[in-house]
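Data first, discussion second: the structure below is written as structure tokens.
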Number of protein chains: 2
Amino acid sequence: MVGSDTAGGRATIYDIAKLAGVNPSTVSRALGHQPGVSVETRKLVEDAAAQLSFRVSPLARALPTGRTGTVGLIVADITNPSYFDMIRGAQSAAAARGLTLVLAESSESGSTESVVAQRIQPSTDGIILASPRMSDPEIRELNKAKPVVVINRSVEGIESVVPDIEPGIRDAVRHLAANGHTRFAFLAGPGQSWISARRWDSFREACEWAGRTAQPIPTLAPTLEGGRRAAGEVLASRATAALCYNDLLAIGLMRELQAAGVKVPDEFSVVGFDNIFGSDFTTPTLTSIASPFKECGATALQRLLASRQGTEGSPHGVRSTPLRVSPMRTTLIVRGSSGRLLAPST
Amino acid sequence: MVGSDTAGGRATIYDIAKLAGVNPSTVSRALGHQPGVSVETRKLVEDAAAQLSFRVSPLARALPTGRTGTVGLIVADITNPSYFDMIRGAQSAAAARGLTLVLAESSESGSTESVVAQRIQPSTDGIILASPRMSDPEIRELNKAKPVVVINRSVEGIESVVPDIEPGIRDAVRHLAANGHTRFAFLAGPGQSWISARRWDSFREACEWAGRTAQPIPTLAPTLEGGRRAAGEVLASRATAALCYNDLLAIGLMRELQAAGVKVPDEFSVVGFDNIFGSDFTTPTLTSIASPFKECGATALQRLLASRQGTEGSPHGVRSTPLRVSPMRTTLIVRGSSGRLLAPST
DNA sequence: CTGAAAGCGCTTACAG
DNA sequence: CTGAAAGCGCTTACAG
């Protein structure tokens with residue numbers, strides 16, 4: 001509070017240079033913690049900077065260097081609770097490195113996503129796409145200009161962070177099998193969903209391995225309502241347990257079953273996916289397979305920074321195999337909606 | 001796909017100028033949709049731009065103009081569901097105007113908030129603070145450099161967007177009174193919370209007006225656990241209905257009451273606040289007072305842009321009274337957790 | 001270790 | 001209507 005501010009306009013390195021009696025380039029070096037500045041000069045500059053409460057302009061810095069100090073994150077739907085932890089993971093990893101996170105939304109549309117990505121790309125050092133709706137070629141095209149990392153999808157030639165769903169699904173099947181269930185249903189996600197296909201594949205395998213049968217059941221939408229509507233077909237399938245593509249489907253299914261007089265979990269077990277916010281609000285609380293979304297977000301950011309260093313100029317992060325980072329395993333969270341089968345449903 | 005790209009480096013207006021055979025300044029004007037460019041020239045420039053798949057650099061544009069095309073939004077906690085709609089409202093309002101939204105988090109800390117705000121301010125056209133933790137003077141200081149709008153708080157001299165809680169609270173009191181309740185409890189939020197104090201004030205007034213008694217009950221934290229812990233005191237107060245500072249408290253309270261054998265809503269009615277995601281996952285579903293958070297986010301953005309225009313140079317958006325935008329009323333969402341009192345709790 | 005100069009990609013008075 | 005020039009606030013070779 002010693003005089004400070006030029007009321008309104010921010011101080012520039014020129015103001016500091018004048019006050020400290022040095023050249024602007026020296027100010028730049030001193031403040032950039034570059035080597036080759038004498039201790040006295042650095043002190044002089046820092047004092048002047050503090051006195052003028054100087055704050056570097058990230059924009060002005062970005063222009064000559066190309067380093068914006070900003071990374072973009074594009075999600076399909078900001079209010080989808082599955083993304084919360086991902087956003088948070090990326091956001092805090094960014095903040096920890098003094099980077100700024102730009103959050104954008106594609107509204108579940110591939111074309112919007114593409115437009116948004118192109119718009120924010122110039123002012124970022126790279127972009128993270130969470131469960132992208134864009135086509136593989138579009139993503140690769142984007143990756144030519146600046147590094148791209150995708151979460152929850154595998155794209156040839158692009159850095160990819162995908163949680164390993166197998167452990168969680170295997171544990172779920174074991175858990176259900178151990179509790180007397182033999183016929184399983186899978187409430188599927190959207191038909192084109194890469195993730196839904198992966199989850200079903202993995203579930204089917206795990207069931208086969210356990211000597212159980214699994215039947216896929218389509219849904220109208222991955223929502224509460226979609227889960228409700230599927231309840232009839234689930235019962236008709238004579239399954240006594242269902243794994244659902246996501247928690248909303250699971251909750252919808254559970255409520256409709258209960259409304260139809262089916263006791264959960266005594267007569268039917270329900271397992272969701274993603275362990276979203278609120279999955280413990282239900283009665284009974286929902287058993288769910290949790291993905292390490294927060295870690296996915298943080299890891300994606302880390303990979304982005306890594307590939308930012310490596311290949312400059314040429315396409316970034318070139319590698320043919322998607323990454324499957326070992327600590328990012330899914331986990332089964334057993335709660336109240338799954339358990340021993342008491343009365344066979346026939 | 002006609003030749004395009006200089007493989008790697010983006011095209012600049014100089015490339016366009018060369019290709020179109022005009023001066024870069026003309027390119028700038030043509031692409032900026034400025035008046036005073038002949039139709040032919042404009043066409044020429046646009047074709048060249050398309051051919052080079054030109055995309056203007058927002059950074060380079062921001063430097064001479066000061067217009068960054070970016071607005072900042074700082075929330076205390078990204079994963080707090082109360083903010084989801086606010087974020088979404090601001091995000092879509094920004095996107096609709098071709099603006100980019102930078103999302104940052106303060107981790108509930110006033111000092112972090114201040115640091116973050118200062119860091120992102122230079123690369124924004126202004127900042128929205130949602131339920132800020134900073135002090136009033138700090139916020140005013142920030143507002144000197146670029147416009148600031150606060151949501152959910154009133155700060156002298158700062159544009160402020162606060163939902164009108166009165167309608168929702170009044171309706172809740174009426175609803176409960178009409179259902180035979182006479183003694184009410186209020187589960188309070190954090191002691192320093194501006195919002196909690198407002199909600200309690202309004203609730204007390206509404207109760208007085210309806211000739212009912214209201215008793216405030218402190219909580220340890222605005223969480224499920226905080227709600228659970230308060231259940232004993234609520235019962236001891238001999239209230240038969242509670243309004244809670246937020247939905248998490250309400251859900252925690254409801255579950256603990258149910259665990260203690262109290263029937264909801266037959267013996268006790270619970271009303272939450274904010275109508276968060278998942279408040280309809282509970283059994284019974286939660287009655288809650290919904291705030292128009294999405295509109296708050298959108299309105300805040302709108303105000304920010306408005307004050308960006310007005311007073312340039314001098315402190316922005318100077319007005320002594322906080323805004324209370326009329327359409328932003330709270331609404332009571334009646335669900336299953338509130339209703340007619342059947343068996344008085346004594 | 002420090003200074004003087006050029007340049008990042010735009011915009012915008014100022015001339016013509 | 002169009003061009004030439006200066007400048008936004010930095011960084012970074014290039015000299016010394």
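Below, chain A is the first sequence line, B the second, and so on; all start at residue 1.
With sequence neighbours excluded, no residue forms a side chain to side chain donor-acceptor pair (under 3.5 Å) with A:Ser106. Here A:Asn152 pairs with A:Met86, A:Ser131, A:Pro163, A:Ile195, A:Phe293 under the side-chain contact (heavy atoms from CB on, under 4.5 Å) rule; sequence neighbours left out. Applying the side-chain contact (heavy atoms from CB on, under 4.5 Å) rule to B:Ser123 yields the partners A:Pro58, A:Leu59; only residues at least two apart in sequence or on another chain are considered. Every side-chain contact (heavy atoms from CB on, under 4.5 Å) that B:Val56 has, sequence neighbours left out, goes to B:Phe54, B:Arg61. When the ring pair (Phe, Tyr, Trp, His ring centres under 6.0 Å) test is applied to A:Phe84, the partners found at least two apart in sequence or on another chain are B:Phe84.
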* Given the rule in the side chain to side chain contact (heavy atoms under 4.5 Å, CB included) test, do B:Leu301 and B:Arg97 qualify, once you have shown the distances and angles that lead to the verdict? -> CA-CA 10 Å; B:Leu301 191 105; B:Arg97 289 167 177 77; 4.0 Å; yes
* Would you please test B:Leu99 and B:Thr70 for side chain to side chain contact (heavy atoms under 4.5 Å, CB included) and show each step? => CA-CA 5 Å; B:Leu99 298 173; B:Thr70 297; over 6 Å; no
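Side chain to side chain, B:Thr100 and A:Arg119 meet the donor-acceptor criterion of an N or O pair below 3.5 Å. There is a side-chain donor-acceptor pair under 3.5 Å between A:Ser135 and A:Glu138.
Heavy-atom distances to DNA chain C give each of A:Val22 and A:Tyr14 a nearest nucleotide, and the one nearer the 5′ end belongs to A:Val22. Across the interface with DNA chain D, nearest-nucleotide mapping of A:Arg29 and A:Arg55 shows A:Arg55 to be the residue nearer the 5′ end.
Here the side chain of A:Lys146 pairs a donor or acceptor atom with the backbone of A:Pro122 at under 3.5 angstrom.
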Could you give the side-chain donor-acceptor pairs of residues 109-116 of chain B under 3.5 Å, partners two or more places apart or in another chain?
residue	atom	partner	partner atom	Å
B:Ser109	OG	B:Ser111	N	3.3
B:Ser109	OG	B:Ser111	OG	3.2
B:Ser109	OG	B:Thr112	N	3.0
B:Ser109	OG	B:Thr112	OG1	2.9
B:Glu113	OE1	B:Arg133	N	2.7
B:Glu113	OE1	B:Met134	N	2.7
B:Glu113	OE2	B:Arg133	N	3.2

Side-chain donor-acceptor pairs under 3.5 Å in residues 29-39 of chain B, sequence neighbours left out?
residue	atom	partner	partner atom	Å
B:Arg29	NH2	B:Ser25	OG	3.4
B:Ser38	OG	B:Thr41	N	3.2
B:Ser38	OG	B:Thr41	OG1	2.6

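A heavy atom lying under 4.0 Å from DNA chain D marks the following residues of residues 31-42 of chain A, by number: A:Gln34. Proximity of residues 56-66 of chain B to DNA chain D (heavy atom under 4.0 angstrom from any strand atom) is restricted to B:Leu63, B:Pro64.
Boundaries of the chain A contact region on DNA chain C are C:dC1 to C:dG9, first to last in 5' to 3' order (nucleotide atom under 4.0 Å from a heavy atom).
Annotation: salt bridge (charged side-chain N to carboxylate O under 4.0 Å, His left out) contacts involving residues 44-57 of chain A, sequence neighbours excluded, comprise A:Lys43-A:Asp47.
Annotated stems with DNA chain C as a participant read C:1-3 with D:14-16, C:5-12 with D:5-12, C:14-16 with D:1-3, given as range with range, by first number; only runs of 3 or more Watson-Crick or G-U pairs under 3.5 Å qualify.
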